[in-house]
Amino acid sequence: MLKYILFTLALCCCSVNAKLFTSSGEAFIIKQDIDSARDVAIKEALKNALIYSGGPISILQQVNNGVLVENKLVFNSKGEINSLTIIDENVKEDKLMVTISVDIELSHNSCQGAQYPKSIAITRFKLNNPNHAVDGQIHTINKQITQTLFNRLKLSPQQLDVRELIDIPVRLGQHYSLQNISNTLSTMATQTDSQYIFYAEINDLSVDFDSKNSINYWLVDPLRNFYMTVYLYDALQGTLVMSKQYRTEAKWEYGMHESADLQSKLFWQREYGQAIINLLANVNEDINKQLQCMLPIARVISVKNNSVQINLGKRNGLKEGETLTLFYSSNYKDQFGIERNAETQYQDPMQVIEVHDSSAILRTIDNYPLGNIQINDLAKIK
């Protein structure tokens with residue numbers, strides 16, 4: 001599986017609005033295709049640099065439009081990446097690692113939220129059509145894919161604070177009413193201590209085997225589908241942040257009655273496993289892109305005297321002296337029966353006076369009385 005293995009930064013002034021970053025990434029070499037592995041590793045390394053810099057992940061498309069010439073990417077048009085150079089490349093066993101130096105233009109694309117990793121929990125994906133898993137006996141593929149994405153997201157701590165994997169069925173997705181989902185999200189936000197909840201449904205794993213009377217049955221590997229719908233929720237505010245469908249297909253290199261071992265390296269290195277890995281890389285990128293510039297929201301977990309404790313801390317980029325505003329959130333139905341979210345802000349801001357790994361202590365500025373602040377109220381970075 002693809003993963004980040006190193007992230008070192010070297011900063012220098014390249015122009016008034018640009019900075020030079022150095023980062024590394026790696027990828028499996030599949031069927032001796034070093035060029036494809038290099039492309040993936042470069043993109044992973046650049047994504048890490050962009051997350052750290054606060055530059056928009058969307059400019060990864062600029063790399064797709066580039067041409068590699070003598071270890072330098074030459075771009076077709078001027079963009080946010082001024083230059084990208086491969087400064088080291090190593091092959092070890094079946095993996096290729098590249099280290100790049102990239103000059104990123106930050107003048108109009110940096111965002112405040114990028115410096116605060118957002119808390120998120122991953123839930124077990126649902127297999128909507130279990131009968132599709134009969135071919136190859138891949139009945140646990142939803143659990144395996146959930147774990148795979150969880151591991152990938154854990155490897156991007158500059159952007160996300162991945163707190164928990166919920167390995168039980170959950171009542172989310174399109175089959176449940178907004179009211180039921182809101183209740184589920186509220187419970188999960190408390191149980192996982194997370195703001196965001198990620199869930200997915202695997203809709204199609206079908207494979208079409210030719211008839212045994214067909215010559216193709218013996219000569220050609222059939223194509224197998226993979227179709228998934230993902231949901232990203234803000235559990236603290238009970239809202240759907242992102243919903244997107246992903247589709248791919250690849251050769252199924254197993255016989256009609258042959259079982260596939262989802263725990264084996266071979267499965268994930270074959271074309272179908274690699275197609276899923278590449279799709280999950282796109283999901284990972286989209287989650288990071290969606291949340292990159294958002295400021296995290298904290299939940300009040302303790303109230304004592306003139307101070308409160310919230311569930312964001314060092315892992316979320318919080319520092320002593322930062323100012324937050326507290327508010328409470330509520331839902332109501334408008335005149336058309338549509339459920340809306342409303343926020344009521346408390347009057348006085350609060351300041352961080354103590355920071356722990358995943359929590360912080362706030363106190364009112366000038367030690368004014370707290371007012372009517374309660375557990376489960378929310379706090380936003382000002």
Rounded to the nearest 0.5 Å, how far does CD1 of Ile122 lie from CZ of Arg152? 12.5 Å
Distance-only donor-acceptor check, side chains Glu322 and Tyr116, under 3.5 Å: yes
Side chains of Ser206 and Asn225, donor plus acceptor under 3.5 Å: yes
Do the non-hydrogen side-chain atoms of Val308 and Ile361 ever get within less than 4.5 Å of each other? no
Examine the side chains of Asn288 and Glu285 and answer whether a donor and an acceptor come within less than 3.5 Å of each other. no
List the residues meeting ring pair (Phe, Tyr, Trp, His ring centres under 6.0 Å) with Phe267, not counting sequence neighbours, and say none if there are none. none
Closest non-hydrogen atoms of Ile87 and Ser101, given as atom of the first, atom of the second and distance, are CG2-CB, 4.0 Å
Taking Arg38 first and then Glu89, would you say they form a salt bridge - that is, a charged N and a carboxylate O separated by under 4.0 Å? yes
Taking C-beta and beyond as the side chain, do Thr99 and Met97 meet within less than 4.5 Å on heavy atoms? yes
Given side chains that start at C-beta, do those of Leu280 and Ile145 come closer than 4.5 Å, heavy atoms only? yes
Identify the heavy atoms of Ile42 and Val98 that sit nearest to each other, and give their distance. N-CG2, 3.8 Å
Is the closest side-chain heavy-atom distance between Glu164 and Gln191 below 4.5 Å? no
Nearest 0.5 Å, what's the CD1-CD1 distance between Ile365 and Ile353? 12.0 Å
Side-chain H-bond candidate by donor/acceptor type, Gln309 with Ser359, under 3.5 Å: yes
Fit a plane to each ring of Tyr233 and Tyr231, take the angle between them on a 0 to 90° scale, and name the class: parallel (under 30°), tilted (30 to 60°) or perpendicular (over 60°). parallel
How long is the span from the CG atom in Leu291 to the CG atom in Leu232, to the nearest 0.5 Å? 5.0 Å
Answer yes or no: does atom NZ of Lys126 have more than 12 heavy-atom neighbours from other residues, nucleotides or ligands under 6.0 Å? yes
Check: Asn282/Asp286 side-chain N/O donor and acceptor closer than 3.5 Å: no
Does the side chain of Asn203 pick up a donor-acceptor pair with the side chain of Gln245 at under 3.5 Å? no
Any side-chain heavy atom of Val170 sitting closer than 4.5 Å to one from Arg124? no
Identify whether NZ of Lys or CZ of Arg in Arg270 sits under 6.0 Å from the centre of the six-membered ring of Tyr254 and within 45° of that ring's axis. yes
Within 6.0 Å of CD in Gln32, more than 12 heavy atoms from elsewhere: no
Could you pull out the closest heavy-atom pair between Ile181 and Gly173, with the gap in Å? CD1-O, 3.4 Å
Does some side-chain heavy atom of Ile100 sit less than 4.5 Å from a side-chain heavy atom of Asp88? no
Do the side chains of Lys314 and Asp357 get close enough for a salt bridge, i.e. N-O under 4.0 angstrom? no
Between Val241 and Met294, is there a side-chain heavy-atom distance shorter than 4.5 Å? yes
Do you know the tightest heavy-atom contact between Phe226 and Leu205? CD1-CD2, 3.4 Å
Work out which heavy atom in Ala235 is nearest to a heavy atom in Ser194; give both atom names and the distance. CB-O, 4.5 Å
Would you call Ile202 and Asn128 a side-chain contact if the rule is heavy atoms closer than 4.5 Å? no
Regarding Asp377 and Arg299, does a basic nitrogen lie under 4.0 Å from an acidic carboxylate oxygen? no
Examine Met350 and Ile301 and state if one hydrophobic cluster contains both, with Ile, Leu, Val, Met, Phe, Trp and Tyr joined whenever side-chain heavy atoms are less than 4.5 Å apart. no
Around atom CZ of Arg163, are there more than 12 heavy atoms of other residues, nucleotides or ligands at under 6.0 Å? yes
SB check Arg363 Glu354 (cutoff 4.0 Å): no
Shared hydrophobic cluster for Tyr227 and Ile141 (ILVMFWY, side-chain gaps under 4.5 Å): no
From Phe125 atom CZ to Thr146 atom OG1, the distance as rounded to the nearest 0.5 Å: 4.5 Å
Minimum-distance pair of heavy atoms, taken over all atoms of Leu185 and Gly238: CD1-CA, 4.1 Å
